[in-house]
Amino acid sequence: MGDAPFGLIIADSDKGKIAVRWALGEELELKLEEVSDEDWDEFIEDTLEYLSGD
């Protein structure tokens, strides 16, 4: 991934799992999405594939 200006933050909180995708371009962009427990693993895998360029 190198110096890619985007990433993924994953956190466990008292209210459940939180994932934040961010990107730096001309402006900082944060995208918050609600993901069901059933789709959580697929969401993370898809994001990591995108970040790695696969």
Side-chain angles (χ1 to χ4, degrees):
M1 192 168 107
D3 293 330
F6 48 85
L8 174 67
I9 300 168
I10 302 170
D12 282 318
S13 74
D14 293 342
K15 303 230 181 221
K17 298 175 184 172
I18 299 170
V20 179
R21 290 193 256 200
W22 61 271
L24 283 176
E26 292 182 26
E27 297 180 15
L28 173 64
E29 177 185 327
L30 293 175
K31 186 172 187 179
L32 301 176
E33 297 180 43
E34 185 172 350
V35 178
S36 68
D37 287 341
E38 300 89 37
D39 295 332
W40 177 259
D41 289 336
E42 184 177 349
F43 171 82
I44 299 300
E45 287 175 22
D46 289 349
T47 302
L48 293 175
E49 282 181 23
Y50 174 77
L51 293 174
S52 69
D54 290 344

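Positions are given from 1 along the sequence.
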- Item | Heavy-atom side-chain contact between Ile18 and Ile10 under 4.5 Å |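 No; the side chains remain at least 4.5 Å from each other.
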- Of Leu48, Asp46, Asp41, the residue whose pairing with Ile44 passes side chain to side chain contact (heavy atoms under 4.5 Å, CB included): Leu48
- Going from CG on Asp37 to CZ on Phe43, what distance comes out if it is rounded to the nearest 0.5 angstrom?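 Going from the CG atom of Asp37 to the CZ atom of Phe43 covers 13.0 Å.
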